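Working notes, beginning with the structure itself.
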Amino acid sequence: MFRCGIAYPRCRWIVPLLLLFAIIFDIIAIAATSGWVEDENAKSHYASMWDQCRGRNNNWDCKSLMEFSWAQAVAALMIIGLLILIIAFVISLVALCCSLNLSLMPLIAALLILVVVIQVIALIIYPVKFNELIFEGHYYYTWAYGFGWGATILCIGCAIVFCCLPRYEDELTGLTKTKYIYSSA
């Protein structure tokens with residue numbers, strides 16, 4: 001027999017796991033000491049969310065970006081987004097892994113949508129203000145900035161799943177009859 005479709009009971013474990021990956025991605029983006037922005041050859045200028053460094057041949061002059069209000073706002077928004085994401089993760093563990101509590105799904109989805117809005121604002125402010133105030137040539141937004149976007153995209157997907165999961169309560173609990181596409185006569 002061939003069974004087609006989503007194995008809904010697995011969603012109970014996969015969705016919190018995806019939120020855990022989003023948390024890890026956010027921590028990488030926030031904690032990175034370089035990797036948000038690099039100049040064209042990554043030889044004379046790079047920046048993280050916290051500071052920027054200029055120089056050549058291991059002679060770097062680093063300055064904090066926290067003197068700019070926009071950089072403080074980006075850092076605050078990313079950290080607040082991470083904290084809300086951790087709260088949503090803990091609630092999802094309680095709602096899906098410990099017991100099946102579908103009444104918490106809309107709350108988790110709302111928290112994740114809030115995380116997405118906060119982090120999109122932060123991830124848009126950074127390049128706009130960086131280009132406006134510090135830009136000198138060709139720059140690339142690199143791996144740590146990409147991890148920030150990766151966490152945000154995972155949150156968008158998980159928010160959609162948490163919005164849809166309450167409609168599939170019987171499938172999640174395993175109470176529905178298995179539907180087969182083909183059965184031999």
Side-chain angles (χ1 to χ4, degrees), residues 15-93 104-164:
V15 178
L17 184 65
L18 289 174
L19 288 180
L20 180 62
F21 283 131
I23 290 170
I24 292 169
F25 286 5
D26 255 353
I27 290 171
I28 290 170
I30 291 170
T33 57
S34 68
W36 274 55
V37 179
E38 293 177 349
D39 67 345
E40 191 170 14
N41 297 321
K43 293 182 179 178
S44 63
H45 189 201
Y46 68 88
S48 69
M49 189 173 72
W50 305 102
D51 57 5
Q52 64 172 334
C53 297
R54 295 176 189 270
R56 291 200 182 272
N57 302 329
N58 293 330
N59 188 14
W60 295 96
D61 178 33
C62 296
K63 294 181 182 175
S64 176
L65 288 176
M66 292 299 120
E67 65 189 44
F68 299 109
S69 60
W70 61 268
Q72 293 172 1
V74 168
L77 289 171
M78 290 296 289
I79 291 170
I80 289 169
L82 175 63
L83 294 175
I84 296 171
L85 179 58
I86 291 170
I87 292 168
F89 171 70
V90 170
I91 295 172
S92 75
L93 282 178
L104 291 175
M105 299 299 158
L107 171 67
I108 299 167
L111 287 173
L112 291 175
I113 290 169
L114 180 63
V115 168
V116 168
V117 169
I118 288 172
Q119 289 190 346
V120 164
I121 291 170
L123 291 168
I124 289 174
I125 288 174
Y126 187 88
V128 168
K129 289 300 190 176
F130 185 87
N131 287 343
E132 193 176 286
L133 298 174
I134 303 171
F135 189 76
E136 298 172 356
H138 298 287
Y139 287 91
Y140 297 109
Y141 293 90
T142 57
W143 62 273
Y145 184 72
F147 272 107
W149 277 110
T152 305
I153 291 168
L154 279 173
C155 288
I156 291 170
C158 288
I160 292 169
V161 170
F162 277 112
C163 286
C164 297

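Model, not experiment: these values are computed from the prediction.
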Step-by-step side-chain contact (heavy atoms from CB on, under 4.5 Å) determination, Asp26 to Ile86: CA-CA 10 Å; Asp26 255 353; Ile86 291 170; over 6 Å; no
Report the distance from atom CD1 of Ile87 to atom CD1 of Ile108, rounding to the nearest 0.5 Å. 12.0 Å
Considering all heavy atoms, the nearest Phe89-Pro16 contact: CE1-O, 3.2 Å
With distance as the sole test, does Trp50 use its side chain to make a donor-acceptor pair with the main-chain N or O of Ile30 at under 3.5 Å? yes
In this structure, CG of Leu123 is separated from OG1 of Thr152 (nearest 0.5 Å) by 5.0 Å
Distance check, rounded to the nearest 0.5 Å: Arg54 atom CZ versus Trp60 atom CH2? 10.5 Å
Taking all non-hydrogen atoms of both residues into account, name the closest pair between Val15 and Cys158 and its distance. O-SG, 4.1 Å
Over 12 foreign heavy atoms within 6.0 Å of CZ, Phe68: yes
Shortest non-hydrogen pair, Thr33 vs Tyr46, comes out as O-CE1, 4.0 Å
Minimum heavy-atom distance between Ser48 and Leu65, given as atom pair plus value: O-CD1, 3.4 Å
On a heavy-atom basis, the closest approach of Ile27 and Leu82 is CG1-CD2, 4.0 Å
Rounded to the nearest 0.5 Å, what's the gap from OH on Tyr145 to OH on Tyr140? Could you check? 16.0 Å
Could you grab the distance from atom CH2 of Trp149 to atom OH of Tyr141, nearest 0.5 Å is fine? 12.0 Å
Any chance you could measure Leu83, atom CG, to Ile118, atom CD1, to the nearest 0.5 Å? 9.5 Å
Tell me the closest heavy-atom pair linking Met78 and Met49, and the distance in Å. CG-SD, 3.8 Å
Determine whether Leu19 and Leu112 make a side-chain contact, defined as any pair of heavy atoms from C-beta on separated by less than 4.5 Å. yes
Please lay out, stage by stage, how Lys129 and Val74 fare under the test side-chain contact (heavy atoms from CB on, under 4.5 Å). CA-CA 10 Å; Lys129 289 300 190 176; Val74 168; over 6 Å; no
Would you please indicate if the ring centroids of Tyr126 and Trp70 are separated by under 6.0 Å? yes
Under 3.5 Å: donor-acceptor pair, side chain of Asn131, backbone of Pro127: yes
Within residues 49-84 or reaching into it, pairs that qualify as disulfide bond (SG atoms under 2.5 Å apart) - sequence neighbours excluded: Cys53-Cys62
Assess whether side-chain contact (heavy atoms from CB on, under 4.5 Å) is satisfied between Trp36 and Phe130, documenting all intermediate values. CA-CA 11 Å; Trp36 274 55; Phe130 185 87; over 6 Å; no
Can you list the steps and then say if Thr142 with Val37 is a side-chain contact (heavy atoms from CB on, under 4.5 Å)? CA-CA 6 Å; Thr142 57; Val37 179; over 6 Å; no
